[in-house]
Student: 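Would you mind keeping the following structure in view while I ask a few things?
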Amino acid sequence: MGSPLRIVNGRVFDPAHGVNGAVQDVCVRDGKIVDDVPPDAKRIDVTGMVVMPGGVDIHCHIAGPKVNLGRKFQPEDHRTDVQLRTKLTRSGTGGSVPSTFATGYRYAAMGYTTAMEAAVPPLGARHTLEELHDTPVIDKGFFVLVGNNLLLYRLLQEGRREEFRQALAWWLAVSKAYAPKLVNPGADELWKEERNSNITGLDDKIGSFELTPRRVIAAFIETANELGLPHPVHIHCNNLGHTGNVATTLETMRLAEGRRAHFAHVQFHSYGPALGKSQHHPTSGAQEIAAFVNAHPNITADVGAVMFGRSTIMTADAPLAYLLHQIGGGKWVNADTENESGCGIVPFTYQDRVYTNALQWAIGLELFLLSEDPWRMVFSTDHPNGGSFTSYPRLIRLLMDREYRKQQMEQVNQKALDRSGLRDQQREYTLSEIAIITRAGPARLLGLTAKGHLGPGADADITIYEEDPDKEKMFSAPRYVIKDGELIIEDHEFRADHEGRILHVAPAYDRQIEQVIEPFFEDFYTIRFANYAVDDRYVPHHQIIPTGATPS
Amino acid sequence: MSLDFTLRTTPTVPLEAEVLSPTRLSGLSAREAAKLSVVYGNQRADLGDFFEVGGGTADGELHLTGDLARVKRIGAGMAEGRIVVHGSVGMHLGANMTGGEIVVEGNAGDWVGPEMAGGRIVVKGDAGHLVGGAPRGSAIGMRGGEIIVLGNAGNEVGNGMRRGLIAIGGETGDFTGVNALAGTIVVLGRLGWRAGAGLRRGSIVSMHPAELLPTFSYDCTYAPLFLVLYLRHLRQLGLAISDPHLQGPYQRWSGDGVELNRGEILLLKAPAPES
Amino acid sequence: MSENVKIVQDATCTFCGCVCDDMGLTVDLDEHKITKAENACILGKAWFKGHGLEERPFALIDGREASTAEGVEAAAQILAQARFPLIYGLSDTTCEAQRVAVAIADMIGGTIDTTTSVCHGPSGIAFQGVGESTASLGELKNRADMIVFWGGNPAEAHPRLFSRYTVTPKGMFTPNGRKDRTIVLVDVRRTASAPAADIFIRVKPRSDFEVLWALRALVKGRKVDASIEQRTGVSLAVLQDLVARMKTCRYGAFLFGMGLTMNRGRHFNSGALLALATDLNQFTHWVAKPVRGHGNVTGADNVVSWQTGFPFGVNFSRGYPRFNPGEFTTVDLLVRGEADAVLVVASDPASNFPKAAIEQLHRIPVISLDPKATLTSQLAKVAFTTATYGINVAGTVYRMDDVAITLRPAFESPYPSDEQVLSAIRDRVRALLGGNRVPAAGPAAAAAS
Amino acid sequence: MPEMMTLIGGRTSKQGTALCVSKLGAEYREITSTVEMNVEDMARLGLKNGSRVTLRTAAGEAVLTCKGRETKDLPPGILFLAYGPLASQLMAGDTAGSGMPISKNLDVEVEPVPDPAGP
């Protein structure tokens with residue numbers, strides 16, 4: 001926890017409290033932000049530096065079965081980017097899918113102190129928690145995949161909504177997840193059972209089930225809100241990556257009907273119809289998506305920006321990964337999880353001269369620049385799908401530095417720029433807005449009341465940057481990083497190792513529901529019902545985030 | 001005059017000495033060179049702990065003497081100059097090399113010229129596995145330059161090769177030219193099994209009959225001109241190229257059928273037995 | 001048999017990679033042994049019955065009895081002083097122990113390798129080259145209507161792979177179980193698994209690659225010469241029939257064994273099969289899975305991968321992980337006489353490695369952790385007796401399909417767990433080195449493996 | 001007069017159950033020192049169940065006890081031996097950059113050990 005600490009003379013950016021660069025002290029005690037500390041408390045003078053809450057990543061892929069396949073799969077991507085062992089810290093490897101230790105240390109070294117793994121099948125929860133345990137410094141949790149769950153489909157198909165709600169609560173609780181996640185709802189049945197086909201619209205029939213994506217998504221949004229979850233539901237829409245998918249995305253957003261719903265990596269879902277002959281040359285749909293989000297306070301999103309260079313497509317959207325494999329050739333991983341999910345992995349490089357890649361890059365920037373409420377259109381690259389989290393500082397510079405953005409725009413495929421609205425955007429993000437989209441906003445959307453701000457009672461996760469006209473440089477290497485009140489990085493060097501907490505929910509559920517679930521296990525799972533729930537040994541350091549209304 | 005390194009203490013565990021490269025040593029005196037770091041097992045050591053360093057300021061030529069079979073990464077990343085090894089060397093000789101020349105009088109370990117992009121390596125003895133081969137997980141092997149082995153070589157010669165020339169005076173192990181995209185591999189001795197598996201483009205040449213994969217198909221018998229030029233060049237480099245090799249003709253087999261089918265294996269047609 | 005009996009339901013068998021978690025164990029707590037193992041196969045029964053408590057010294061140092069603490073001190077001294085130490089085995093212990101083993105290798109700048117390098121290591125290399133379409137075993141139970149077993153003998157090595165996961169179980173889209181499936185077995189000899197198959201294809205030894213390559217060509221609609229039969233012993237007609245069935249099934253699965261990996265062609269044999277499965281996805285859904293041998297070898301792959309980025313054969317001597325099979329794998333490090341100390345955890349290389357590797361084990365200090373005496377523990381300088389995972393020790397293991405399962409131990413053992421011994425060694429080595437050994441040299445040369 | 005045959009190394013369930021008892025026990029030793037051979041090959045070589053044969057590879061040699069198998073189970077020219085200390089004697093150490101030594105389909109020279117009793 002560290003001794004009491006007073007950080008003096010810093011320019012503080014704490015948007016949650018309307019503090020916008022005011023020079024004031026920040027006091028820390030017992031791992032929390034406090035009003036004051038005794039005069040003899042340790043002082044750090046950060047005159048002229050920028051003080052912000054630790055960064056919060058609302059959507060990334062850093063741990064679990066799919067991520068580990070992505071690691072094993074790509075030795076060639078690790079060997080040229082290594083993390084050296086120090087007396088204090090473990091070694092590791094980087095590339096687009098870093099080892100667990102490299103992941104934790106690199107997030108911390110960038111001033112991020114919380115990250116959410118965005119797609120884990122319940123059957124992979126135990127594995128994911130083991131990896132997160134080996135991911136140092138940061139606090140972390142995961143979203144559990146429920147949008148292709150066959151028992152939930154059965155209950156929904158038979159109109160057993162109360163049992164559906166109980167079962168969803170059960171699944172969140174026994175997997176120690178943070179939030180429910182939907183990925184290309186309905187697609188897994190077509191992928192696994194109907195010769196690798198895919199969902200094309202909200203009203204497609206889901207394989208042998210009398211269900212459609214429309215019905216499934218609406219049910220999850222409604223039920224997740226009833227459960228009073230801190231982050232009700234995290235949605236990866238159908239038709240990701242497909243030309244003209246903006247229509248599907250808007251239709252899906254409308255299904256929320258005023259209820260809270262978060263839409264993931266909307267850049268990948270903002271493609272307009274093709275102009276002219278080539279089906280492969282979509283236009284930008286950023287305007288429509290941004291306009292809809294701006295006008296609907298119940299809708300929140302992260303951008304999933306694309307950054308040029310090496311990435312790894314790593315997704316529960318198996319048909320999408322196969323499509324990219326067919327386009328690019330090269331190696332491909334598919335991994336089906338019984339009754340729960342699919343998964344696909346493909347190494348991928350975004351090239352600035354390629355029309356589609358340049359358009360994706362432009363759409364990501366457009367979405368940020370068109371957003372009127374930074375609290376609801378937050379920062380992400382869907383690491384590593386749109387680009388590595390280590391490219392965040394460059395993305396921040398693209399948002400804050402119009403001149404730099406112009407230079408970069410000259411490098412990319414101009415035809416693609418013509419089909420986007422990026423050239424019209426003169427906006428530059430302020431430090432306060434950056435603090436919102438990278439910390440305060442994600443924390444608020446996740447319902448993490450003790451994160452993303454520097455008010456009394458907040459977790460003492462603090463990042464201190466040296467001002468620099470080059471914002472990429474500034475945000476790449478903070479001078480100090482404090483986690484739970486402990487000075488982890490000082491003068492850009494690790495001073496201590498730290499094990500962060502697992503953040504998860506534990507919604508109450510009626511034990512009777514197990515009478516419904518257990519028989520399904522006997523019939524269709526290959527692991528015993530009694531061995532399925534994850535016990536507390538897998539979360540030695542954890543924090544349960546309370547849920548509101550619990551099912552009656 | 002050249003810098004001379006004579007092995008004084010034989011390493012008992014692997015010694016990684018990428019500093020043994022004209023590029024790294026240029027302008028250094030013998031004394032300065034002896035102070036350079038090498039990795040001995042899991043600890044740092046000085047080049048001078050293992051080598052007697054003589055000669056004058058480097059003129060771009062190094063002479064290494066002794067049994068260097070446990071010394072890895074000699075000439076790694078070298079861009080110019082010359083290394084002559086009077087003895088045998090360990091793994092990763094000339095890794096990522098872009099220019100210059102390495103001559104080994106003895107044998108070389110596995111991974112000769114991994115990810116090599118230019119320059120020339122000549123091994124007068126035998127070479128190990130994966131000569132000019134891609135590292136695991138990568139589809140990209142040798143991208144340019146020449147590797148000449150007068151003796152035998154092991155498996156996966158030219159795995160994932162993209163450009164350049166590999167010539168083996170003796171025999172090769174299995175999967176010669178596996179997954180190659182381009183480039184030329186000439187083998188004077190016999191090819192091991194499954195030569196050209198996954199071959200996209202490029203040429204694999206052998207002076208002996210070989211049993212090929214079911215996905216290679218016979219095209220014709222002819223005397224390709226490009227080969228004559230290559231063989232003349234190789235003869236100058238000390239490879240035992242005979243007149244029948246130059247005359248041909250060669251049977252051309254195209255493959256790999258599971259890939260683009262645009263690669264070729266050329267087998268010297270044995271002269272009809274006199275009756 | 002005493003009255004003092006305990007029943008453990010839903011316990012997990014860790015004998016093989018099937019990791020069946022439906023065991024009903026009857027434990028005699030006075031005799032310290034398991035008297036009944038409900039649902040266990042012949043191997044599982046032997047596993048549970050064969051691991052009662054044995055009277056063995058806690059540790060042996062140079063053959064003389066010692067305490068665990070004395071063993072830890074001796075082991076730590078060896079590892080702290082070694083210049084090219086190796087940690088090997090790990091496939092029959094918990095992930096919790098495996099995590100500590102990797103930590104030690106990192107701390108001392110050694111090499112970590114697992115039994116994967118001598119079982120499905122080549123399949124791991126193939127996976128890195130071509131990828132893999134795979135699935136959890138429940139998908140095979142629920143969906144697979146065609147299953148091809150290649151180069152393996154599950155009837156003898158993984159008996160319940162047939163009955164619990166693949167051939168006979170009834171699933172969601174396979175309500176009639178066996179009747180809903182076409183089962184094919186490919187091998188060089190007619191094994192005990194043959195009777196389970198509808199179609200048995202005998203290939204000539206060393207021709208699996210040619211058969212797989214011909215199948216790939218046929219799937220892609222390319223022509224294959226009838227001479228394939230001379231080379232492989234399999235006629236073109238048989239191959240064409242197989243391809244027709246594979247293209248038209250609904251959900252197909254390959255399950256392959258070490259007949260491919262331990263055979264001439266090694267990773268290219270596995271790679272050909274993985275590529276064939278990928279090719280078939282143009283037509284219908286296909287997956288392929290290596291059938292893993294040891295109870296937690298899959299956990300070892302996962303732990304080493306998430307901690308280092310690489311699955312096995314990982315060297316830390318330069319201060320960061322490097323992967324290179326053939327350079328940093330156990331058989332090679334021993335045969336070339338490079339490893340100068342070896343810590344063997346729950347494995348017995350002295351009884352099944354190539355002669356030249358075993359000879360090196362006799363030359364260098366060996367530390368062994370094992371519940372039982374083995375040829376390796378007999379030649380070890382320091383030999384620890386440890387408790388048996390799954391029977392005495394709790395923790396996590398991974399099934400061959402990467403599904404993690406928590407163990408339910410049956411009874412207490414007086415011996416420490418592998419995790420406890422390794423943790424003590426790690427702490428002592430850290431004290432001796434004053435923290436992690438600082439890197440020997442920067443990543444100047446990181447680019448080359 | 002020695003003959004060349006192909007040796008397949010492998011595992012058996014008997015071996016699996018035996019090693020749960022002890023890898024140093026008599027049963028395990030017996031299983032890992034018995035080579036299975038086609039009955040016609042045995043007859044031709046004048047071998048009976050229990051006869052001793054020497055197997056030789058480039059790597060080394062081992063003396064084992066034979067056990068006959070019918071042609072439908074084990075074709076002529078093929079031998080099967082469970083992994084263990086004796087199989088190790090016949091395995092070469094080169095892994096060809098893979099980490100894996102070859103233990104299946106080894107070329108072996110088979111030579112009967114003269115029966116002291118003699119015919």
Side-chain angles (χ1 to χ4, degrees), chain A residues 63 65 67-69 71-76 78-93 95 97-102 123-124 126-127 130-131 134 150 191-193 195-196 208 322 325 331-339 345 523-528 530-531 535 537, chain C residues 9-10 12 21-22 95 99 103 106 124 127-139 141-143 164-165 171-173 250-251 278 281 283-285 287 301-302 305-311 316 319-323 396 398 402-406 435-436 438-439 442-443 446-447 449:
Chain A
V67 172
N68 219 28
L69 282 170
R71 287 190 189 102
K72 274 189 260 189
F73 184 42
Q74 306 181 84
E76 75 281 12
H78 298 312
R79 48 200 284 279
T80 52
D81 177 21
V82 299
Q83 177 90 12
L84 229 66
R85 174 176 69 236
T86 71
K87 250 190 170 4
L88 279 176
T89 58
R90 292 283 302 272
S91 72
T93 54
V97 193
S99 63
T100 53
F101 296 107
L123 202 53
R126 197 173 273 111
H127 174 175
E130 283 208 292
E131 284 196 23
D134 279 346
L150 298 190
W191 171 247
K192 295 171 182 177
E193 206 55 31
R195 303 185 183 277
N196 298 348
S208 57
Y322 186 61
H325 159 67
K331 52 186 181 180
W332 165 67
V333 169
N334 171 73
D336 305 335
T337 302
E338 59 204 70
N339 311 311
I345 308 172
D523 292 345
F524 304 126
Y525 273 86
T526 51
I527 147 169
R528 299 284 292 169
N531 291 329
D535 65 62
R537 280 174 293 180
Chain C
Q9 286 303 341
D10 304 306
T12 295
D21 69 332
D22 60 345
C95 292
R99 283 154 73 170
D106 191 1
F127 167 72
Q128 294 168 335
V130 304
E132 175 177 279
S133 177
T134 185
S136 73
L137 289 168
E139 295 286 23
K141 164 181 159 166
N142 286 330
R143 304 179 189 271
R164 190 169 189 234
Y165 302 106
M172 190 174 289
F173 301 99
R250 195 178 66 238
Y251 190 112
T278 297
N281 276 282
F283 304 92
T284 185
H285 201 79
V287 298
D301 287 8
N302 275 297
S305 293
W306 81 56
Q307 293 208 352
T308 72
F310 309 114
F316 293 95
Y320 53 87
R322 287 186 297 173
F323 166 77
T396 313
Y398 283 61
D402 294 318
V403 171
I405 293 171
T406 307
N436 296 330
V438 279
S449 52

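Because the structure is a prediction, the values reported are computed rather than measured. Chain A is the first sequence line, chain B the second, and so forth, proteins listed ahead of strands; every chain is numbered from 1.
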Student: Could C:Arg99 and A:Glu130 be called an ion pair, given the rule that one side-chain N must be under 4.0 Å from one carboxylate O?
Tutor: yes

Student: Side chain, backbone, both or neither: which part of C:Phe316 has an atom under 4.5 Å from a heavy atom of chain A?
Tutor: both

Student: So which of C:Val287, C:Thr12, C:Thr308 has the largest heavy-atom pair count under 4.5 angstrom toward chain A?
Tutor: C:Thr308

Student: Heavy-atom pairs under 4.5 Å with chain A: which of C:Thr284, C:Asp21, C:Thr396, C:Asp10 has the most?
Tutor: C:Asp21

Student: Is the A:Trp191 ring parallel, tilted or perpendicular to the C:His285 ring (thresholds 30°, 60°)?
Tutor: perpendicular

Student: Is it the side chain or the backbone of A:Pro65 that comes within 4.5 Å of chain C heavy atoms, both, or neither?
Tutor: neither

Student: Please determine whether a side-chain nitrogen of the Lys or Arg among A:Lys72 and C:Glu132 lies less than 4.0 Å from a carboxylate oxygen of the Asp or Glu.
Tutor: no

Student: Report the relative orientation of the aromatic rings in A:His78 and C:Phe310; use parallel for angles under 30°, tilted for 30 to 60°, perpendicular for over 60°.
Tutor: perpendicular

Student: Measure from the side-chain N and O atoms of A:Thr100 to the backbone N and O of A:Asp134, and report whether any donor-acceptor pair falls under 3.5 Å.
Tutor: yes

Student: I'd like to know if C:Asp106 and A:Arg90 make a salt bridge, using a cut-off of under 4.0 Å between side-chain N and carboxylate O.
Tutor: yes

Student: If we define contacts as heavy-atom pairs under 4.5 Å, which of C:Gly124, C:Cys95, C:Gly171, C:Ala404 has the most with chain A?
Tutor: C:Ala404

Student: Pick whichever of C:Ala103, C:Ser133, C:Gly129 has the most heavy-atom pairs under 4.5 Å with chain A.
Tutor: C:Ser133

Student: Who wins among C:Asp301, C:Asp402, C:Thr406 for the most heavy-atom pairs under 4.5 Å with chain A?
Tutor: C:Thr406

Student: Checking C:Phe173 against chain A: side chain, backbone, both or neither under 4.5 Å from a heavy atom?
Tutor: side chain

